Amino acid sequence: MASSSTLPLCTTKTPFSSSTNSFFFAKPSHLFLNGKGNQSFKVSCTGEHDGNQLDAVKEGAVDRRNVLLGLGGLYGATNLAPLASAAPVPPPDLKSCGPATITDGPTVPYSCCPPTPDDMDSVPYYKIPRMSKLRKRPPAQDVSEEYIAKYQLATSKMRELDKDPFDPLGFKQQANIHCAYCNDAYTMGDQKLQVHQSWLFFPFHRWYLYFYERILGSLIDDPTFALPYWNWDHPSGMRLPAMFDVEGSSLYDARRNPHVRNGTIIDLGFFGDEVKTNEIQMITNNLILMYRQMITNAPCPLLFFGEPYRFGSKPNPGQGTIENIPHTPVHIWTGTVRCTDLGNCVPSYGEDMGNFYSAGLDPVFYSHHANVDRMWNEWKALGGKRRDLTDNDWLNSEFFFYDENRDPWRVKVRDCLDSKKMGYDYEPKATPWRNFKPGKKTTPGKVNLRSVKPASKVFPLSNLDRAICFSIERPATSRSQQEKDEFEEVLTFKNLKYDDSKYIKFDVFVNADKTVNADDIDKKEYAGSYTSLPHVHGPNSGNHAVEVQEFKLAITELLEDCGLEDEDIIAVTVVPKTGGEVVSINSVLIELKDCY
Ligand SMILES: O=C1C=CC=CC1=O
Ligand SMILES: [Cu+2]
């Protein structure tokens, strides 16, 4: 599909009072108006893109600078969405379900398509049945033997249904749901559908677990049955829950990394780079990561949920903080790693948990995602600007599932925002990470900026094969609390390019130098990490180059903690952990961004 590379032409018929008023596309679906004070505006954009005539007009009044204007139907060409109108992601058309494409997986064609209803168009919208009693999901490390026996029985009954490979309630068919939605089996317009690396991540997995749990309950005739959550955000849950590690049990999976079996403390940042440290430090690192991903780096909805993903969008627009870490590292830590006979073990899509197509074949997947889902509730409970997105393209996106009666249903994101309304909740467990601000300040005072190159001399960076340290200007200093409440200070890495057949991870520190020990992230200067999984590619897909527009880290709180708020220039250090040699970064800047 030929696509023009220019953005639609927009003109403002706006009685702006001064020449400083201008506008620009800062995100494909958002237009920023640089304006001051109160004023009315009318922006009309006309343009043509791929045969779609665009006519979008938005009127209104703005009352502050840098207003964020969501021009409903307007997209920048980079989004490749139909410019005539924005649209939510529709449910997959099962008739177009095709073979999965899998990296490092089976070489033979692998199908994970579910049985197709006769008439897809007549599949109705699901209505959540009334529940007399909430199902309460327990922390996996605290359940009784009786509960474990019940869960084992339900899972073995589900596995027995595999005797009919087309029974939608079978264990393999249930695992194939994840494969179909993640390994290119479904298309969306002329793109492949992928529910990871975007704002669909949380709602898709919530609906997925909702039906999985109800099917298990129906198999043991217990509508109150609730999945256990792998409580990896609490020190007592930072190991593989014992119930999954009993050989011969229906909850066991032989295809796991051997290190999960001896009660090893999990590394919630694992990307194949074994951190050499002791258990206490690992638990500390894990709690620091949880604090950064739930609090420091996720003050705003899009930073938590992930980037917009609409009808026609390319897959993988960008992941939220929790999908990034700890969700993906838990997958990779649990899945097998391939070791050469020289003992060089690297994660390489290790089944089951480490590969999209097979992750659901490990029963612990559903407990892992139960805790990911619990983080959605915990994040909103933190308050501030932490709330659900209000974009209708998110709210009206849809998925398709079979229920416990083998009936096909369409479901919407907007109907899964409140787990209690869906009939389940989580048994409470302490969240020690809430107050676990990094304690140590590694760099006394300020890094000596005279010995550090400015970002303009370091970027564009052709590869990240070693730690780099650079200085960068801030857009404002000594910001008032009101300004900090209104605009988040964000460190943004622009146009990352890399070979996405590789695992990528790098850590970011503010006001630390290149000698910083990245295995001990209990330091105020640790800002966060970028991670990327190898993405699946079809056969003969050739070049695996991918370009990620932005990687953002919210640093308002970190600057406060490090006593840097009055500095107009700060030092940033980037430490490669996995795959840095194939990463290039075009530029880095610090910007003030509206929290949306
Ligand atoms: O979401 C996933 C991330 C990594 C590997 C498998 C998954 O399902
Ligand atoms: Cu997952």
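Just follow the structure's listing: the first ligand is 1, and inside any ligand the first atom is 1. None of these values were measured; they are calculated from a predicted model. Excluded from the calculations below are hydrogen atoms, water molecules and symmetry mates; all remaining heavy atoms, backbone and side chain alike, are included.
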Report task. Indicate yes or no: does an N/O atom of His196 lie under 3.5 Å from an N/O atom of ligand 1? Result ->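 Yes: some nitrogen or oxygen of His196 is under 3.5 Å from one in ligand 1.
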Requested in this report: May I ask you to list the atoms of ligand 1 that are less than 4.0 angstrom from any heavy atom of Ala359?
Outcome: 8 (O)
**Report entry** Pair Arg434 + Glu378: basic N to acidic O under 4.0 Å
**Finding:** yes
Query - Contact check: His196 to the Cu ion (ligand 2), N/O/S below 2.8 Å - result: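 Not a single backbone or side-chain N, O or S atom of His196 is under 2.8 Å from the Cu ion (ligand 2).
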Requested in this report: Flag the pair Arg214 and Asp403 as a salt bridge only when some basic side-chain nitrogen lies within less than 4.0 angstrom of an acidic carboxylate oxygen.
Outcome: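 Looking at Asp403 together with Arg214, the answer is no, because their closest N to O distance does not fall below 4.0 Å.
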Query raised in the report: On the ring face of Tyr424, is Arg135 found with NZ or CZ under 6.0 Å from the centre and within 45° of the axis?
Result: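 No; the conditions do not both hold, so Arg135 does not lie above the ring face of Tyr424.
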Report task. Please determine if the Cu ion (ligand 2) has an N/O/S atom from His368 lying under 2.8 Å away. Result -> no
Query - Under 4.0 Å to a heavy atom of His178 - the qualifying atoms of ligand 1, by number - result: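 Answer for ligand 1: 7 (C), 8 (O).
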Query raised in the report: Are the charged groups of Asp362 and Arg255 less than 4.0 angstrom apart, N to O?
Result: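 Arg255 and Asp362: not salt-bridged.
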Query - Ring center gap for Trp376 and Phe305 short of 6.0 angstrom - result: yes
Report task. Could you see which bit of Asn355 sits under 4.0 Å from ligand 1, with heavy atoms only: side chain, backbone, both or neither? Result -> backbone
Query raised in the report: Would Arg239 and Glu279 pass as an ion pair if we require N to O under 4.0 Å?
Result: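 The answer is yes: the pair qualifies as a salt bridge.
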Query raised in the report: Counting heavy atoms only, which of Gln197, Met353, Glu323 is nearest atom 6 (C) of ligand 1?
Result: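 That would be Met353.
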Query - Metal check, the Cu ion (ligand 2) vs His327 N/O/S, cut-off below 2.8 Å - result: yes
